[in-house]
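These notes are about the structure you will find just below.
Proteins come first, then strands; the chains are lettered A, B, ... in the order of their sequence lines, and each starts at number 1.
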Amino acid sequence: MSAMPEKPALEGLETKWDAHWEQEGTYRFDRTGQSRDTIYSIDTPPPTASGSLHVGHVFSYSHTDVIARFQRMRGRTVFYPMGWDDNGLPTERRVQNYYGVRVDPSLPYDADYTPPFDGDAPAKAQQQPVSRQNFIELCERLTEEDERKFEELWRTLGLSVDWSQTYRTISSHARATSQRAFLRNLERGEAYQSDAPTLWDVTFRSAVAQAELEDREQPGTFHTLLFTSGDGDLRIDTTRPELLPACVAVVAHPDDERYQHLFGSTVRTPVFDVEVPFLAHHLAQPDKGTGVAMVCTFGDMTDVIWWRELDLPARPVIGFDGRFLPDAPAAITSPEGTALYAELAGKTVFSAKEALVAALAAAERTVGEPRRITHPVKFYEKGDKPLEIVTTRQWYVRNGGRDAELRERLLELGRGIEWHPDHMRVRYENWVQGLAGDWLISRQRFFGVPIPVWYRVGEDGETRFDDVLLPNPSQLPVDPSTDVPDGFEASQRGAAGGFVGEVDIMDTWATSSLTPQLAGGWGGVDDELWDLVAPFDLRPQGQDIIRTWLFSTALRALFEGGKAPWRHTAISGWILDPDRKKMSKSKGNVVTPLGMLEEHGADGVRYWALSSRLGVDATLDPQNPKMIKIGRRLAMKVLNAARFVYQMEGEPGEIANPIDIDMLAELGQVIDQATAALERYDHARALELTETFFWTFCDDYLEVVKQRAYQGDEIGRASAIGALRSAIDVLLRLLAPVLPFATEEVWSWTHEGSIHVAPWPTRSDLPTSAGTTGLLPAVSEALIGIRRAKSDAKASQRTPVTHAVLAAPSTQLGLLEQAARDLADVGRIERLELVAGDALEVRSIELAPEGDAQAQR
RNA sequence: GGGCCCGUAGCUCAGUCGGUCAGAGCACCUCGUUUACACCGAGGGGGUCAGCGGUUCGAGCCCGCUCGGGCCCA
């Protein structure tokens, strides 16, 4: 116990109690003697280490913490680890720019490597090539600093994380786990490689998955091209005339009256003069342009569908760099066509379009002027050039996109999870039902978890991609670009009869989808732990990553264990600025969370976050953070009210006074309702109930019994003090998950041990089992009447009253008589008369003459 | 084009099972410097529950349509 201060304050509580909790191991996860049922496990989102934490993080992580604290107080051993996502593009870029290096996977590891710069790399520095392993080590070094800052912020916010349970997505452990899971997917046929048209970012020169796409409205131009058909010129509108050399067919809708006679015939492309079939397909839109579309390999995903379903040849023209390939497709045979293609070779899409439009115009194979339009174009979410589609060999993981049975199992899994709020399940279901293909997990980047395979090289020197060489599990993690498969020598790398390593890495989600496994010691790392924590109780996360993180985690769990990775998922909303815009760095409306915590205090900030229900967006005006101020006021009130109660002298005794009993009975209801709300993950409701009662407790009950607690007879005092202390002890515990600092401070004045491991209150903690009678509400109402009478008379609330008449309906009259003495005391009423009436009201009030009022002071 | 969420006081939001639900806080106005609290307290005014129609004895709540806002997918 610590001494009760004369004037309690919120300042400094964060530092004081964080250090104390760390020292005492208050939030330490101790598995001794635990079973799965006694543990509450949380699959915490690992924030991106190289990013910065913003108020949205503070918001949603507070939602998680309140549940962790509630479960801990209910007696569960809480497994609440924290991860850092330091694997991925943001980290890759930051490390490149910080140290002035870039990965070259062909380089050997250098154990004594020193980077050319250390945070002072000039903007346009020539980046020094380093091996992947060296790059990973630099990443680990740099992100350690970020992670320390993050941890500090989380500690200031009061997250009850066990800081000895942290993991990093680029660590050796994470790479090994990620590779192990991939190899198991491969073994079971859930992962496979395939040569297929792939969405491709030409800037990053990497394949992109469906989950990473976004549509952006872009200006475009419609050109009308003239093909040659059996009945002469055939008009075809296109926004991508430059793909004409890649044209493999033209299509119209099977019901389109205009083209019935042409289905099954062939047409010739303008200028390149290639013969292509005129086919029917239901995806052709009759109302778009002339209703005929040219099919090119590949302009968009519809081309891919046509190509696949109509069994068309591939005539690719765009290379990995986004430029036209050097050689024309073999179908172009005319001298004019060949010559024209030679002009396009090596050009960017943009330049090729200009050149081809000019050539078409010169040949008079266009009609009218180009029409400017705006249309949605697919982009990589981190990219700034439209995606192209190129055919490449990639690795995929099955996800139900091409398998109805698997899709149904995923939907079933989703139905087995309790979603908070429930309607978020629909977003998951929409995503699963909308999947267009399997999950492309290979990335042509350098930093990340390598795909752990090698390929045999034939005696002819050709790589046999179908002859995959796997590491043995004890080797993990491996980097195939430097490690050597069993049975080979390093010298055989790339040699005939030898091997080559896969250079691609995995999509970051291929690692992030394993956060339960990473945190829980899956895969032989710590089997005992895994059995204790999996499946996890809770996955908290943002609504924006249901289609990525939540979905991919569910998928991996389905493959590994056949069931959902968690029992509950709690989805937090966005933070919006006062204009209802989502806060983001690019809009410049981001508030730094640490500054906010320092200015207003953690309890106030938490109150703001916890006033919002799950799944609901919250607004925050950084200039005027009303809710934070209200939370701060509540925390301050807690300090003052508790101090007032605890400093009353006298021993608590039997709860004998009717109003004391009724106050506790009301509190009993609050306990039940708040507990039920938290059990259904409705922290906002629990807070609202508790807070409302707390203010009534302070403003009305406390005022009413104050006099008796100080100067009443022994029985009256003992009853008041007993009721006050019981109530405060309960209220503090109800508020502890929301206001961990203020409540711990107060608790420490009169209790040993932390409030955060004290038992969650129940009705049986109360020194009375009586039901509510309506006395406390009646007293509140009477009190408001008395106060209003004084207010109307423009008198101070302290003004003595010589005589007051209070009318009440018979039901309340009997109750009020039980509290008449206390009411008279708080109103300073010399003679309080209770009479029957229709409504509870003050009939008359006689204030003492001014002189007497002065005398009171 | 399809799906989901939202629309309640000037603002931010609650409203559980259809029946004391027209609510809270903030803001505003008035009063008060009280031995827990001026980082304060007390009191007060303020709403056509987006609109229209339906179900019902009864609708903020259930159903349909319309309007407006947001998000996701195509």
Side-chain angles (χ1 to χ4, degrees), chain A residues 4-11 210-211 213-215 283 285 301-302 376 378 421-436 542-547 571 573-574 576 578-582 600-601 604 607-608 611-613 615-621 624-648 673 676-677 680 682 684-685 687-689 691-692 695-696 698-700 702-703 706-707 709-710 724 728 746 777 783-799 826-828 853 856-857:
Chain A
M4 192 153 37
E6 200 52 42
K7 196 162 176 63
L10 297 169
E11 279 66 32
Q210 189 185 348
L213 299 182
E214 62 184 37
D215 281 358
L283 285 181
Q285 293 174 277
M301 291 311 284
T302 314
K378 291 200 185 312
D422 187 61
H423 66 79
M424 289 294 177
R425 181 203 322 273
V426 178
R427 300 202 183 184
Y428 169 83
E429 290 176 348
N430 286 347
W431 175 250
V432 172
Q433 284 159 347
L435 286 166
Q543 54 186 328
D544 49 333
I545 50 178
I546 290 175
R547 66 174 183 166
I571 311 290
W574 298 117
L576 308 172
D579 301 327
R580 303 205 68 83
K581 294 271 162 41
K582 189 181 144 196
H600 304 287
Y607 174 90
W608 157 72
S611 302
S612 287
R613 291 171 304 152
V616 175
D617 296 344
T619 47
L620 177 69
D621 181 354
N624 186 18
K626 291 178 191 170
M627 292 304 279
I628 296 178
K629 288 179 178 173
I630 296 165
R632 183 183 170 83
R633 196 180 61 149
L634 175 65
M636 199 66 216
K637 189 81 173 176
V638 165
L639 296 182
N640 281 311
R643 184 179 163 281
F644 181 53
V645 168
Y646 286 143
Q647 52 96 55
M648 284 177 179
Q673 290 169 8
R680 56 173 196 267
D682 189 355
R685 179 68 179 150
L687 170 57
E688 186 194 354
L689 285 161
E691 186 192 9
T692 303
W695 283 105
T696 304
C698 291
D699 294 345
D700 297 346
L702 203 42
E703 292 297 328
K706 197 190 252 184
Q707 201 65 18
Y710 272 130
L724 283 166
I728 281 288
V746 168
L783 193 51
I784 287 168
I786 294 165
R787 284 170 177 154
R788 178 166 40 218
K790 290 188 179 179
S791 231
D792 289 349
K794 307 229 184 262
S796 155
Q797 293 297 325
R798 273 185 91 189
T799 311
V826 69
R828 298 186 167 226
Q856 288 290 327
R857 294 193 182 166

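Pair assignment for G43(B) gives C29(B), based on Watson-Crick or G-U wobble hydrogen-bonding distances that are each under 3.5 Å. Nucleotide U34(B) is matched to nothing when pairs are restricted to Watson-Crick or G-U wobble geometry with both distances under 3.5 angstrom. As the counterpart of U48(B), no nucleotide is assigned, since no Watson-Crick or G-U wobble pattern has both distances under 3.5 Å. With a cut-off of 3.5 Å on both pairing distances, the Watson-Crick or G-U wobble partner of G23(B) is C13(B). In this structure C4(B) sits in a base pair with G70(B), meeting the Watson-Crick or G-U test at under 3.5 Å. With both pairing distances under 3.5 Å, G60(B) is matched to nothing as a Watson-Crick or G-U wobble pair.
Going from atom CD1 of Ile784(A) over to atom C1' of G41(B) covers 13 Å, rounded to whole Å. The nearest whole Å value for the distance from the CZ atom in Arg425(A) to the P atom in C72(B) is 21 Å.
Separation of the C1' atoms belonging to G58(B) and U12(B) is 31 Å when rounded to the nearest angstrom. Separation of the P atoms belonging to G7(B) and U16(B) is 12 Å when rounded to the nearest angstrom. Using atom P as the reference point in both G10(B) and G64(B), the two lie 30 Å apart (nearest Å). When the P atom is used for both U48(B) and G23(B), the distance is 15 Å, rounded to whole Å. A distance of about 12 Å separates the C1' atoms of C57(B) and G18(B), rounded to the whole Å. Using atom P as the reference point in both C67(B) and G51(B), the two lie 16 Å apart (nearest Å). The same atom, C1', is picked in C21(B) and in G60(B); the two are 9 Å apart, to the nearest Å.
Using a 4.0 Å heavy-atom criterion, one finds that Asn624(A) contacts no nucleic acid atom at all. Nucleic acid contact class of Trp695(A) (heavy atoms, under 4.0 Å, all strands): sugar-phosphate only. At a threshold of 4.0 angstrom between heavy atoms, the contacts of Gln707(A) with the nucleic acid are absent. The residue Lys790(A) sits apart from the nucleic acid: no heavy atom pair falls under 4.0 Å. Across all strands shown, Glu688(A) has heavy atoms under 4.0 Å from sugar-phosphate atoms exclusively, and none from any base. Within the 4.0 angstrom heavy-atom criterion, no nucleotide atom of any strand lies near Gln285(A). Heavy atoms of Ile546(A) sit nowhere under 4.0 angstrom from any nucleic acid atom.
Side-chain N/O atoms of Arg798(A) include none lying less than 4.0 angstrom from OP1 or OP2 on G32(B). Residue Tyr710(A) places at least one side-chain N or O under 4.0 Å from the OP1 or OP2 atom of A36(B). Considering only side-chain N and O atoms, Arg632(A) lies nowhere under 4.0 angstrom from the phosphate OP1 or OP2 of C37(B). Taking 4.0 angstrom as the limit, Arg685(A) places none of its side-chain polar atoms (N or O) nearer than this to OP1 or OP2 of C13(B). Regarding contacts with the backbone of A36(B), a side-chain N or O of Lys706(A) is found under 4.0 angstrom from either OP1 or OP2.
A donor and an acceptor atom never sit less than 3.5 Å apart when one is taken from the side chain of Lys794(A) and the other from the base of C31(B). Applying the 3.5 Å distance criterion, the base of C72(B) shares no donor-acceptor pair with the side chain of Arg427(A). In this model, no side-chain donor or acceptor of Glu6(A) finds a partner on the base of A36(B) within 3.5 Å.
If you find the closest nucleotide of RNA chain B to Asp699(A) and to Ala211(A), the one lying nearer the 5' end belongs to Asp699(A). Summary of the strand contacts: Ala618(A) and Ala641(A) both lie near RNA chain B, and taking for each the nucleotide with the nearest heavy atom, the more 5' one is attributed to Ala618(A).
Scanning all heavy atoms of the two residues, the minimum distance from Leu620(A) to Pro625(A) falls at CD1-CB, 4.1 Å.
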